[in-house]
Amino acid sequence: MGKHQNHPKHKHPSKKQAAREAAMQKQAAALDEHVYAIYADEDGEILDAPGMLGMGRTGRENVPLHPDDLIPLPDSADLMLLPDHEAVGMTPDGEVLPIAGLAVAAILPAGYTRLYLPAYARAEDAARLPLYGYTAVVVYHDALYCAALYTDENEKWDPANYNTPELPKLVKRTKKDLPGNRIVEQVGGCSLKWHCLTAQNLFYRRWECGIPASPVCNANCFGCISLQPAECCPSPQERIRFRPTPEEIAEVGIYHLSVAPDGIVSFGQGCEGEPSLAADNIAAGIRLIRAKTKKGQINMNSNVGWTEGVQKIVDAGLDSLRVSIISARDEAYDAYYRASYHLADVKRSIRYALDHGVYVSLNLLYFPGFNDREEELAAWQAFFRELPVQMIQVRNLNIDPDAFLDLMPEPQGRAVGTRAFLQTLHAEFPQLVIGSFSHYVERPRA
């Protein structure tokens, strides 16, 4: 077994010879339609496993992968080793066996929806994995491929557009423009320390930027990215510890919307709790913004569990609402959010927003082998018949797979597969946009 890379047969081949060898390799690759497993050795080298067919995982089941499950590994994807999780492959005669090395996962950029998790055998005493969206990665046609779908254009969210050398200078510029504004201080830290893309857009003066507003939450989500108990996995961001005033909110909102192309300001960021709990300040801030500029879009990312707060913000002039949700079934919803509210409250808030002309999308936290179960799909079909939201943003759930499945209800039906799940919804609800990001929308205003 060797490192996964191409090795030329001769050190200095002629152009004709190189072309001939390339053609032969291409022909050989076209004939070899097998998907091969990979693993990491004790030095962290990622190797392919000749003779072992590649597998993925749906729910708790390791299954063989096929070429139509795969896309080339995106250039901006990262590879990650899974400590205490042994790689798994399948022999040509169908026997599933462990591979003497660690499982390897792809961490995909935004805009890609994973179809399968990495196949693995977990050690009994394995520590909980950090909060990432682990995706199966294999060798196909002598290159790295991952089990995913390209769900949405991601030019605006291409990592190449962020963390540029001039970012620290841009942060200083905005701090000088808006001195003493605590929101700017917060998102400046998020930009430079946590590399949050939405935070950075404020300083790049473009697209969607975040305005965190609430240090508290009414849910206790398993896998919250801004607040975790000490015994759990570390959070990838720090939550704000203050409540911005309406004036601070408006100052940032006016600053951004006045100059940013396709400008969006969003409440409900990774570094805060539930924004509707700051409804009075947010509503007042929105009114101050709209008194100065009609440009751009005002968005909120929310669990919408507190309908009274959502109503105040909608009435103040909210343009779009992205609702964090994992299931349309009460039992599964409550198991994940562990909240002071329930799914019925979420539905009431969505109904109010739709009735008041707000563009509503769902931030669907997606996990292969859970959301695509038959009972989950049926519940979603009923949900969309009742509440015709405009969009689903499919987001790979960043979580330890086994810890998540231990928390959620046991399956009642089979998993139909991610493709079938999305295709079934789109077939019944053709107006439903299926993507991965908040899209810039123009809301008619008087």
Side-chain angles (χ1 to χ4, degrees), residues 1-4 35-65 69 73 77-91 93-108 114-139 144-148 221-225 228-236 335-336 365-371 373 396-411 415:
M1 299 182 184
K3 296 180 186 178
H4 181 67
V35 175
Y36 293 105
I38 66 171
Y39 68 100
D41 68 11
E42 58 186 11
D43 297 321
E45 299 265 17
I46 296 175
L47 310 170
D48 58 303
M52 296 295 288
L53 302 180
M55 304 186 74
R57 191 176 183 93
T58 177
R60 297 190 190 275
E61 183 182 5
N62 294 323
V63 298
L65 294 179
D69 297 322
L73 186 70
D78 292 317
L79 295 178
M80 182 173 288
L81 313 185
L82 306 188
D84 302 316
H85 292 66
E86 194 171 31
V88 169
M90 177 181 283
T91 65
D93 60 2
E95 184 178 6
V96 178
L97 294 174
I99 300 170
L102 294 180
V104 180
I107 309 300
L108 301 177
R114 66 182 169 189
L115 301 180
Y116 294 94
L117 297 103
Y120 60 78
R122 183 180 184 274
E124 288 187 10
D125 58 349
R128 190 173 289 176
L129 294 171
L131 300 174
Y132 291 102
Y134 304 100
T135 302
V137 58
V138 292
V139 170
L144 291 176
Y145 277 66
C146 61
C221 302
F222 186 79
C224 176
I225 63 172
Q228 286 292 333
E231 68 274 12
C232 183
C233 33
S235 302
Y336 178 79
L365 306 177
Y366 194 82
F367 186 96
F370 169 73
N371 308 78
R373 294 174 185 171
N396 299 318
L397 181 61
N398 296 338
I399 207 160
D400 179 291
D402 290 291
F404 172 72
L405 292 170
D406 288 344
L407 179 78
M408 302 307 287
E410 288 296 316

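If you're wondering where the values come from, they're calculated on a predicted model, not measured in any experiment. Values below: every heavy atom of this structure, side chains too, minus hydrogens, waters and symmetry copies.
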Would you compute the distance between atom [atom1] of [X] and atom [atom2] of [Y] and round it to the nearest 0.5 angstrom?
X	Y	atom1	atom2	answer
F367	L117	CZ	CG	4.5 Å
D402	I399	CG	CD1	11.0 Å
T91	M52	OG1	CE	6.5 Å
F222	L131	CZ	CG	8.5 Å
Y134	N396	OH	CG	12.5 Å
M55	Y36	CE	OH	15.5 Å

Minimal non-hydrogen separation, [X] against [Y], with atom names:
X	Y	answer
A127	H85	O-CE1, 4.5 Å
E86	P98	OE1-CB, 3.3 Å
L81	G44	CD1-CA, 3.9 Å
I99	G89	CD1-N, 3.8 Å
G101	Y39	CA-CD1, 3.8 Å
A415	T58	CB-OG1, 4.3 Å

Side chains of [X] and [Y], heavy atoms from C-beta outward: is any pair under 4.5 Å?
X	Y	result
M80	V137	no
D69	V35	no
P83	L129	yes
L97	V88	no

Looking only at atom types and distance, does a side-chain atom of [X] sit under 3.5 Å from a main-chain N or O of [Y], one as donor and one as acceptor?
X	Y	answer
D48	I38	no
R57	Y120	yes
D43	E45	no
R114	L397	yes
D84	D125	no

Problem - Reference residue P118; test side-chain contact (heavy atoms from CB on, under 4.5 Å); the match among L102, V138, L82, V104 - result: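 With P118 as partner, L102, V138, L82, V104 yield a single side-chain contact (heavy atoms from CB on, under 4.5 Å), made by L82.
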Handout entry: side-chain contact (heavy atoms from CB on, under 4.5 Å) between L65 and Y145, intermediate numbers included
Key = CA-CA 11 Å; L65 294 179; Y145 277 66; over 6 Å; no
Problem - Parallel, tilted or perpendicular, as decided by the 30° and 60° cut-offs, for the rings of F370 and F404 - result: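 Rings of F404 and F370: perpendicular, over 60°.
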